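Before any comments, here is the structure.
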Amino acid sequence: MTLQLRVYVPEHPLIKHWLSVARDVNTPSVLFKSAMAQLGRWLAYEATRNWLPTVDTMVQTPLTQCPGTFVNPEMPIGIVPILRAGLVLLEEVQKVLPIAAVYHLGLARNESSLKPSCYLNKLPESFDPQTRIMILEPMLATGGSIMMAMKEVTNRGVQPDLVRIVSVVAAPPALRQLSENYPGLEIYTAIIDEGLNSKGYIVPGLGDAGDRAFGT
Ligand code: URA
């Protein structure tokens, strides 16, 4: 069986609504931030569907016994928000995955070379190979940051097919690189846009997600 990158764009009115709010240049920072957080919540919900490990057991209700299914607390789950903009998704993603550990990764993009550099890395030295990792990167543009994040995570023992990427807007250059290097990976995004401008911004996109969310 040959593995292939899968990109899911969930067809949901709430995802369309919050994406349109986030895209609108007239949306104020505070509303932009909450629109992105909502997108984080619904996309993470979709991303966990066939990914969260569960255990089946019996539950005693006030009336009788019946079968029950719980998220397996023994399987490690981690969230890796890529700073800054990934923090905005984290707000609501943590409500979907309250038991997950959060490993912050700070990557800054050099505006002329468009290459990322790492200024903060809270990943452990190694992960249990069963660890499921959800990476939060709202803008998959040139692919520089997400490729660096994937390398940092997989070099520490995480299997690429246990990684889920939650993004808001994805563009072909990033998807191409991920597909060439990590077949088997799954991405959840609100939309796939046409491409990038000469400065590496996604078009039509939503602008600089970090600047808009933090009012800078
Ligand atoms: N990062 C952003 O915040 N926006 C883009 O369009 C591309 C990268």
Side-chain angles (χ1 to χ4, degrees), residues 5 7-9 15-44 47 79-93 102 104-121 134-153 163-182 185 187-216:
L5 179 83
V7 185
Y8 292 89
V9 183
I15 292 179
K16 289 182 186 181
H17 172 82
W18 290 119
L19 172 66
S20 303
V21 171
R23 278 206 200 268
D24 189 340
V25 68
N26 293 313
T27 296
S29 181
V30 65
L31 182 56
F32 177 85
K33 197 158 173 268
S34 87
M36 294 293 275
Q38 286 303 317
L39 287 163
R41 166 186 276 252
W42 301 118
L43 290 163
I79 306 173
V80 177
I82 302 185
L83 276 49
R84 284 179 301 165
L87 286 179
V88 184
L89 302 185
L90 179 67
E91 217 174 286
E92 289 287 325
V93 173
V102 177
H104 295 84
L105 192 59
L107 305 180
R109 183 163 80 153
N110 180 300
E111 290 306 328
S112 44
S113 70
L114 300 183
K115 297 254 180 296
S117 58
C118 181
Y119 62 88
L120 177 78
N121 187 338
M134 181 179 284
I135 302 180
L136 309 181
E137 169 56 294
M139 309 302 284
L140 295 177
T142 61
S145 300
I146 195 65
M147 288 297 290
M148 186 178 263
M150 281 300 297
K151 192 168 154 214
E152 294 293 338
V153 163
V163 177
R164 295 287 180 272
I165 295 174
V166 169
S167 146
V168 171
V169 185
L175 296 180
R176 224 172 356 252
Q177 287 194 66
L178 288 167
S179 160
E180 282 164 11
N181 291 279
Y182 301 104
L185 184 63
I187 300 175
Y188 290 76
T189 186
I191 196 86
I192 301 175
D193 269 358
E194 286 155 28
L196 309 180
N197 70 9
S198 60
K199 293 188 170 151
Y201 280 88
I202 302 178
V203 182
L206 46 75
D208 188 307
D211 280 352
R212 291 193 65 196
F214 297 109
T216 49

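Remember, it's a predicted structure, so these values are computed and weren't measured experimentally. Each ligand, and each atom within it, is numbered from 1 in the order the structure gives.
Given atom 6 (O) of ligand 1, the protein heavy atom at minimum distance is Ile202 N, 2.8 Å. In terms of protein heavy-atom proximity, atom 5 (C) of ligand 1 is nearest to Tyr201 CD2, 3.5 Å.
Atom 4 (N) of ligand 1 has its nearest heavy-atom neighbour, among Gly207, Ala213, Ala174, in Gly207.
Ile202 CD1 to Leu140 CG: the interatomic distance, rounded to the nearest 0.5 Å, is 6.5 Å. Rounding to the nearest 0.5 Å places CZ of Arg212 at 6.0 Å from OG1 of Thr27. Between the CG atom of Leu87 and the CG atom of Leu89 there is a distance of 9.0 Å, given to the nearest 0.5 Å. Note that the CG atom of Leu178 and the OG atom of Ser167 stand 10.0 Å from one another [nearest 0.5 Å].
Contacts of Ala209 with ligand 1, taken as heavy-atom pairs under 4.0 Å, involve both backbone and side chain.
Of all atoms in ligand 1, listed by their number and element, those nearer than 4.0 Å to a heavy atom of Met139 are 1 (N), 2 (C), 3 (O), 4 (N), 5 (C), 6 (O), 8 (C). Under a 4.0 Å criterion applied to the non-hydrogen atoms of Gly200, ligand 1 contributes the atoms 7 (C). Of all atoms in ligand 1, listed by their number and element, those nearer than 4.0 Å to a heavy atom of Ala141 are 7 (C), 8 (C).
Looking only at atom types and distance, the side chain of Arg109 has no donor-acceptor partner in the side chain of Thr142 under 3.5 Å away.
Looking at Gln177 and Ile146, their side chains never come closer than 4.5 Å, going by heavy atoms from C-beta outward.
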